[in-house]
Amino acid sequence: MPYVAPVEEYKFIFDHIVDLEQVIAMPKFAEATPDMRDAILIEAGKLCTDIIAPLQRNGDLDPAVLENGKVRTSKGFAEGYEAIAEGGWIGMAASPENGGMGLPFSIATAVNEMMAAGCLSLQLNPLMSQGQIEALEHHASDEIKDLYLPKLISGEWSGTMNLTEPGAGSDVGALVSKAVPNGDGTYAVSGQKIFITWGDNDFTENVCHLVLARLPDGPAGTKGISLFMVPRHIPDEDGVPGVANTLKVVSLEHKLGLHGSPTAVMEYDGATGWLVGTEHGGMKAMFTMMNNARVGVGGQGIGVSEGAYQQALAYAMDRKQGKTIIDHADVRRMLATMKSETFAARSIMLACAVALDMATATSDADWVARAAFLTPIAKSFGTDVGNEMAALGVQVHGGMGFIEETGAAQWGRDARVTTIYEGTNGIQAMDLVARKMMDGGETAFRLLEEIEQAAEGARGRLPNMATALWDAAESLREATEWLVEQDDLENRFAGAVPYQRAFARVLGGYYHLRAAIAEGKEGPRTRLARFYIKRIMPEYAALLVHAREGATDLMALTPEDLSTQ
């Protein structure tokens with residue numbers, strides 16, 4: 001069974017779970033009416049089902065390669081990209097001033113997830129461009145905006161982000177790439193960058209690299225980093241790509257998955273670049289790009305989960321072992337887990353996207369705080385679910401899942417990196433319990449209060465589920481109070497990942513309860529909510545025991561204790 005975009009599921013979540021109506025009620029998004037939203041989702045669904053999804057196996061079996069210094073992309077990718085660009089899907093959330101649709105980020109997030117489920121290797125290309133568009137809109141000079149944004153939004157050009165170096169991964173401040181003023185407003189950018197997603201391709205006129213580098217007077221650490229636009233070909237004043245810049249793709253990485261997405265080692269040798277933002281303000285500009293990209297990466301994990309689930313469900317309904325295997329209790333358990341986890345992760349992601357839209361539209365401090373708080377959870381839980389559900393998909397297939405020809409294993413190989421890039425899930429968790437709790441946990445407590453009120457309101461019709469959710473939220477509240485009391489951040493960091501997971505578990509229960517309430521009767525959503533709340537959500541209790549244990553016993557383990565010798 002091929003992938004079919006779950007358009008009705010997005011509509012349900014927007015209408016009943018995350019309240020998109022409050023977003024489109026804002027003057028900024030007034031044109032995004034419910035009818036327009038539905039039309040966009042339907043058209044995007046057709047694109048992803050009919051054009052993008054058939055490319056999934058091509059990317060794996062016919063990977064991108066570097067030939068004579070040029071990247072040759074997978075069969076069909078150029079045509080797939082053209083369909084994405086011509087449909088205007090790259091500029092969904094971009095400003096109409098430069099040719100974008102000006103849609104809420106929430107709707108763009110749903111469409112991006114569909115694309116990821118269709119073919120994650122290809123979807124990575126427009127996602128990178130979208131991040132670059134956002135960074136330029138917020139930080140670039142008018143001259144750069146006028147030249148680059150229309151081309152990026154139309155898809156004629158594509159964009160990348162260049163952070164990582166051989167000696168500077170998560171510790172970005174250790175980078176050694178340099179930028180020297182040329183005296184004419186441009187800079188000579190030199191250095192090597194690694195892990196550059198879609199560092200080159202053979203279907204866009206130009207590839208525009210945003211590169212972090214240090215000016216001669218830049219202080220050590222992240223405070224001395226600046227951001228530069230360094231195009232593959234230097235455009236003239238009319239936007240026509242001209243002379244080749246002094247940069248090249250040194251090699252493409254040999255990866256576990258995502259074979260259709262060329263991940264490049266890039267070399268800059270005095271390449272001509274233009275400053276984006278202020279001197280030494282590179283990290284601020286780059287984080288504009290990265291924060292929303294983290295939600296997008298969470299969506300990539302969810303897209304993988306959806307694709308793996310659809311394939312596993314089709315197999316289980318067809319495969320017989322005495323009886324059709326979907327009628328075996330353990331297979332039923334795995335499929336219910338896949339479906340309920342995907343719903344939970346998707347709801348968290350879209351709730352975060354709605355918060356980001358409301359923060360943009362209102363500048364309200366509470367919305368800003370909620371968006372910031374939900375971002376690491378959305379990224380981490382979405383990508384964890386992608387990996388875990390891809391593994392379950394293989395298990396549903398049994399021995400055939402281990403055979404490459406079925407394509408079941410590709411989901412797991414493609415998803416594996418999502419927990420690593422855009423900030424590892426461990427770093428996301430540390431951010432959650434430290435920076436995102438600098439308000440003394442106020443944002444977390446507001447969210448928990450909302451959950452408890454919903455549980456209280458559901459006690460009449462759904463008493464067992466409502467009570468279980470209320471108890472979970474109260475336990476999470478107590479753990480949050482303990483966390484914010486810890487002055488030693490090591491005590492928070494030691495349990496950050498289980499705390500982050502526990503919060504996602506409770507949010508998942510909350511959104512499943514809301515789905516059951518919206519259904520209004522005993523039906524598939526209520527039965528799925530009962531499965532999640534009674535069987536999966538209780539994991540929060542063990543996770544919170546871990547979260548509150550502190551760092552003493554963990555850090556007492558020495559390197560010698562962990563040695564295999």
Side-chain angles (χ1 to χ4, degrees), residues 1-11 40-64 73-90 92 107-127 130 155 198 201 203 257-261 296-318 338-339 342 345-346 349 382 385-386 389-390 393-394 396-397 400-401 404-416 418:
M1 172 182 154
Y3 168 76
V4 177
V7 171
E8 293 303 316
E9 188 76 350
Y10 297 115
K11 292 181 184 179
I40 287 169
L41 291 175
I42 290 169
E43 288 305 310
K46 292 177 182 177
L47 169 76
C48 297
T49 299
D50 299 336
I51 297 176
I52 306 302
L55 301 175
Q56 167 79 346
R57 290 298 284 158
N58 289 4
D60 202 48
L61 301 176
D62 178 31
T73 57
S74 303
K75 181 181 179 181
F77 272 36
E79 292 78 10
Y81 178 84
E82 183 179 5
I84 294 170
E86 288 185 349
W89 302 111
I90 298 172
M92 288 180 286
I107 296 175
T109 296
V111 174
N112 281 335
E113 189 218 303
M114 284 191 261
M115 288 189 193
C119 180
L120 180 51
S121 285
L122 179 58
Q123 185 260 1
L124 277 161
N125 185 298
L127 187 73
Q130 288 168 357
W198 279 97
N201 68 72
F203 49 68
L258 295 176
H259 296 147
S261 169
V297 172
Q300 291 176 345
I302 298 162
V304 165
S305 182
E306 177 69 41
Y309 169 68
Q310 289 192 19
Q311 182 172 347
L313 177 65
Y315 184 82
M317 294 178 72
D318 182 67
M338 295 177 79
K339 186 173 180 64
T342 302
R346 182 179 284 136
M349 172 189 70
V385 162
M389 298 312 106
V394 171
V396 170
H397 280 76
M400 291 305 295
E404 282 289 352
E405 282 78 2
T406 66
Q410 183 185 344
W411 298 109
R413 289 188 286 103
D414 285 353
R416 186 61 191 88
T418 61

inquiry  = Working to the nearest 0.5 angstrom, can you tell me the gap between I302 CD1 and M349 CE?
reply    = 4.0 Å
remark   = Closest non-hydrogen atoms of M114 and A5, given as atom of the first, atom of the second and distance, are SD-CB, 3.5 Å
remark   = When rounded to the nearest 0.5 Å, the distance separating CG of N125 from OG of S261 is 8.0 Å
query = Any sub-3.5 Å donor-acceptor pair from D414's side-chain atoms to L258's backbone N or O?
reply = yes
ask   = Do you know the tightest heavy-atom contact between A308 and A390?
value = CB-CA, 4.0 Å
request  = Check whether any side-chain heavy atom of W89 sits under 4.5 Å from a side-chain heavy atom of E43, and report yes or no.
outcome  = yes
inquiry  = With rounding to the nearest 0.5 angstrom, report the CD1 to SG distance, I52 to C119.
reply    = 7.5 Å
key: For L47 against A83, the heavy-atom pair lying closest together   = CD1-CB, 3.8 Å
ask   = Would you say the side-chain atoms of T406 pair up with the backbone N or O of M400, donor to acceptor, closer than 3.5 Å?
value = yes
inquiry  = Any salt bridge linking D62 with R57? Criterion: basic side-chain nitrogen under 4.0 Å from a carboxylate oxygen.
reply    = no
Spatial distance of atom CD1 (I51) from atom CD1 (I84) [nearest 0.5 Å] = 9.0 Å
request  = Search all heavy atoms of S305 against all heavy atoms of T342 and return the closest pair with its distance.
outcome  = OG-OG1, 2.6 Å
key: side-chain contact (heavy atoms from CB on, under 4.5 Å) evaluation trace for M115 with L120   = CA-CA 7 Å; M115 288 189 193; L120 180 51; over 6 Å; no
Interatomic spacing from OG1 in T73 to OH in Y81 - rounded to 0.5 Å = 11.5 Å
task = Determine, stepwise, if the pair E8 / L41 fulfils side-chain contact (heavy atoms from CB on, under 4.5 Å).
result = CA-CA 9 Å; E8 293 303 316; L41 291 175; over 6 Å; no
inquiry  = Quick one: does any side-chain atom of E113 pair with a main-chain N or O of E306 as donor and acceptor, under 3.5 Å?
reply    = no
ask   = So, Q130 and N112: side-chain donor and acceptor under 3.5 Å apart, yes or no?
value = yes
inquiry  = Check whether N58 reaches the backbone of K75 with its side chain - one donor and one acceptor, N or O, closer than 3.5 Å.
reply    = yes
ask   = Any sub-3.5 Å donor-acceptor pair from W198's side-chain atoms to S121's backbone N or O?
value = yes
ask   = How many angstroms lie between atom OH of Y309 and atom CE of M389, to the nearest 0.5 angstrom?
value = 12.0 Å
ask   = Has the side chain of Y10 got a donor or acceptor atom that lies under 3.5 Å from a matching backbone atom of I107?
value = no
query = When you measure from the side chain of Q410 to the backbone N and O of Q56, does any donor-acceptor pair fall under 3.5 Å?
reply = yes
request  = Could you tell me which non-hydrogen atom of G260 sits nearest to which non-hydrogen atom of S74, and how far apart they are?
outcome  = CA-OG, 3.5 Å
query = What are the two closest non-hydrogen atoms of A117 and G303, and how far apart are they?
reply = CB-O, 3.2 Å
ask   = Would you say T49's side chain and K46's backbone share a donor-acceptor pair under 3.5 angstrom?
value = no
key: Short side-chain to backbone donor-acceptor contact, Q311 and G393, under 3.5 Å   = no
